[in-house]
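Step one of this worksheet: look at the structure below.
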There are 2 protein chains.
Amino acid sequence: MGTTQVEAAQEPKYWHLKTVLGDALDSEFAVGEVLPNERELAARFGVARATLRQALEQLELEGRLQRRRGVGTTVAPPRIGVSVGPSQGSWPGEGDDAWHAVGCVEAPAPAAVARLFGPGYDAGRSVHTIRRVRTSDAQPVATDLLYVPRASVPALSQLLTPAAHPLAVLRELHRLELENEDRAVELGSARAEDAKQLERLPGAPVLVLTTRYHSGGRVAAVSVATYRADTCRLTFGDSGAMEITHHDTASGEDDRAQAS
Amino acid sequence: MGTTQVEAAQEPKYWHLKTVLGDALDSEFAVGEVLPNERELAARFGVARATLRQALEQLELEGRLQRRRGVGTTVAPPRIGVSVGPSQGSWPGEGDDAWHAVGCVEAPAPAAVARLFGPGYDAGRSVHTIRRVRTSDAQPVATDLLYVPRASVPALSQLLTPAAHPLAVLRELHRLELENEDRAVELGSARAEDAKQLERLPGAPVLVLTTRYHSGGRVAAVSVATYRADTCRLTFGDSGAMEITHHDTASGEDDRAQAS
DNA sequence: GAGTGGTCTAGACCACCCA
DNA sequence: GGGTGGTCTAGACCACTCG
């Protein structure tokens, strides 16, 4: 019986590993520092590589590590707070909101998006579909598809060069009076196209922010934006504050309240 | 070399599997239906169980599957939209907001939370810490810790039974004039205590919603809420609409716009 | 006790990055 | 070419649920 198993752990190894590594990250590593490679870490902790990887995956999910194939695992900087309104209701692309249009097509909206326009919407009609990328601190944090039905921008000329097209759509959109926006956030995984824009692998965890822009009693535009979940914190509301790192979700500091 | 490998896939097996399973879910399964077990599915697709599990994990992350140890894997219902304001600024626990206090202690706030109160805050002081649970459709969707500094509720009597305590704190809080709220959403993983409340395993993906309640020029209360990322969609803004399922993030419907 | 998903192992090979 | 993380395998045992 005398194994070295002092801890009689009932918690999984990878979970314990995660906390050990997390603590080490706080105390012994600086942001940007490179960790030993996975094979060595696994050997050092006496576990299989797959088990170690389970711990690293969790830490990456929490935004504490960054792993890049062919390069290594580094300590991630605190998450970036990106403001997603309501900044007193403005149209997408208005002012300078860090978005940058990279393409535009006209096509029928996918069924799931068409539904967002409401029951009165004719699903067969093609809409202006603008792909945009949002950067912060010189790195891509989000990519979105902005759907603008032709009915929302009727004055738009039909003949436009690809470069002029998205800008013209946005310009027309800004002429409308924006009445309201509503938003929803959920967890998703990056599709291939999004992943490429975000410089991540397909399947990477993202926060999907869906915004509906209301004008004239209708939904005038819909944006489906995917934010990198590892590097971003989405902030709502007025003050641009809340510039805090808190790795709460992972760490100790158990100030537990009684459970039911 | 004539293996049956027709597809010459450059995409990983688990990724391809995920889309195949996802499509099957749409076309051949009803919500709540039980899938074949992992060993059989793996055999059926000719892959190792670990590979199959990678695909299932992704689908679960996207809220399309629900897996329970000892029970099986079932098709998940669409995500529940839970409103997280701003419902025209009201205090937590005001009206009936689906939250239910399950415990309360007084203790110093963890450092990460103390920082949210701003520079003028004395980190050593103990705060009322109320644990709450939010349910929707008879299942738990979120749990939070609500931190209320004693300075925010000075009139509170010192002697309270555990049962009366949280309610008294909330009652006093509601006397204050709520000026503002700001929020942030980020991805996290459930700590052990949270996981239990949410009926999930530790490490399960959650959306962490941090809210600061401002009153009298100060931060009068802070809430750190963890929502089940698999079953919830957080909705902001007025209308309680947006009751849409869109598995966009995973599915086909490629209406791609040109990349940069 | 039978069946489920959850954890873990010890290997192998691949895709990518960089010197 | 050498090193990194990413994928994949074929097993094993464990924790949990339920009849």
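Every chain is numbered from 1, with letters handed out A, B, ... down the list of sequences. On a predicted model such as this, the values are computed, not experimentally measured, just so you know.
Between B:Arg68 and D:dT17 there is no side-chain polar atom (N or O) within less than 4.0 angstrom of OP1 or OP2. The shortest distance between the side-chain N/O atoms of B:Thr73 and the OP1/OP2 oxygens of C:dT4 is not below 4.0 Å. In terms of phosphate contacts, B:Arg67 brings a side-chain nitrogen or oxygen within less than 4.0 Å of OP1 or OP2 of C:dG6.
For A:Tyr14, the side-chain atoms get nearest to C:dC8 when compared with the rest of D:dG5, C:dG6, C:dC8.
In this view, A:Arg200 and A:Glu60, A:Asp230 satisfy the side chain to side chain donor-acceptor pair (under 3.5 Å) rule, not counting sequence neighbours.
Residues B:Arg134 and B:Tyr227 form a side-chain contact, since some pair of their non-hydrogen atoms from C-beta on lies under 4.5 Å apart. Side-chain atoms of B:Val141 and B:Arg228, non-hydrogen and from C-beta on, never get closer than 4.5 Å to each other. The shortest side-chain heavy-atom distance between A:Glu28 and A:Glu33 does not fall under the 4.5 Å cut-off.
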In the 5'-to-3' direction, what one-character label does each nucleotide of nucleotides 9-19 of chain C receive under the scheme B = base within less than 4.0 Å of a protein heavy atom, S = sugar-phosphate only, - = no such atom? B--BB-BBB--
Using a 3.5 Å cut-off and no angle test, enumerate the donor-acceptor pairs between side-chain atoms of residues 39-46 of chain B and protein atoms at least two apart in sequence or in another chain.
| unit_1 | atom_1 | unit_2 | atom_2 | d |
| --- | --- | --- | --- | --- |
| B:Glu40 | OE2 | B:Arg44 | NH2 | 2.6 |

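D:dG3 atom C1' lies 12 Å from atom CD of A:Glu38, rounded to whole Å. Note: CD (B:Gln54) to C1' (D:dG6) measures 9 Å, nearest angstrom.
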Kindly determine whether B:Leu35 and B:Leu65 satisfy side chain to side chain contact (heavy atoms under 4.5 Å, CB included), including the steps that lead there. CA-CA 9 Å; B:Leu35 267 62; B:Leu65 287 180; 4.1 Å; yes
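Of the two residues contacting DNA chain C, namely B:Asn37 and B:Pro202, the nearest-nucleotide position lying further toward the 5' end is that of B:Asn37.
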